[in-house]
Amino acid sequence: MPMCEFFGCLSGSRKKGLPKYPNIYYFRTKKNVPLPGLSTLRTWAARFCIEDGILFSVLSLMKAKGDFMNETEKLSVICFDESYVSNKICFDKKNERVIGPQKCIQTVIVRGLVNNWKQPIYYGYDKKNDKRVTISNYRAVA
């Protein structure tokens, strides 16, 4: 079974016919734009902690970015979404645990009203959107 490019899981979720690496990366390296190597990018991405629940590392990045925004650029809305996912089992090498099978994923995304930006701040597998989740997400953003 092929390995997932981003999560290192054995789910075989990489679609057939797609290039292994994004074309824009090779286009920029051919134009002599200095970019870090792909292994360096994977190492940096592996350090970023992504766990179920509220994404506190993302919130800290949003807070740092918000220091450079004015009040109208900070206007945002919280969106709730539930999506169905593949119920395959995946192995997380970094944390050495089995993930899955799940039926659905609940995501919470903060979107800008004036500026064109959006950022996920929460995700949870097989969880219903209840009052407790809504209040905790609101307090994390506020």
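All figures in this text were calculated on a predicted structure; none of them were measured in a lab.
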#### Entry: Separation between CZ of F91 and CD of E96, rounded to the nearest 0.5 Å
5.5 Å

### Over all atoms of both residues, closest heavy-atom pair of D126 and P101
OD2-O, 4.2 Å

### Query
Between atom CZ of R111 and atom CG of N116, what is the distance when rounded to the nearest 0.5 Å?
7.5 Å

### Query
Cluster partners of V114, using ILVMFWY side-chain heavy atoms under 4.5 angstrom, listed by chain and number?
L75, V77, L113

### Query
Listed by chain and number, what are the side chain to side chain donor-acceptor pair (under 3.5 Å) partners of D52, not counting sequence neighbours?
Y123

### Message
Test your reading of the model: is there a side-chain donor-acceptor pair from N87 to the backbone of Q102, 3.5 Å cut-off?
### Response
no

### Query
Should V108 and P120 count as side-chain neighbours, where that means a heavy-atom distance under 4.5 Å?
no

### Task
Hey, could you give me the CD/CG distance between Q106 and D81, rounded to the nearest 0.5 Å?
7.5 Å

### Query
Transitively linked via ILVMFWY side-chain contacts under 4.5 Å: I109 with V58?
no

Without placing hydrogens or testing angles, list every side-chain donor-acceptor pair under 3.5 Å for residues 63-71, not counting sequence neighbours.
from : atom 1 : to  : atom 2 : distance (Å)
N70  : OD1    : T72 : N      : 3.3
N70  : OD1    : T72 : OG1    : 3.0
N70  : OD1    : E73 : N      : 2.9

### Task
Under the side-chain contact (heavy atoms from CB on, under 4.5 Å) rule, what do V98 and C90 come out as? Steps first, then yes or no, please.
CA-CA 6 Å; V98 175; C90 184; over 6 Å; no

### Spacing of Q119 atom CD and I121 atom CD1 [to the nearest 0.5 Å]
9.5 Å

### Query
What distance do M62 atom CE and K74 atom NZ have between them, rounded to the nearest 0.5 Å?
11.0 Å

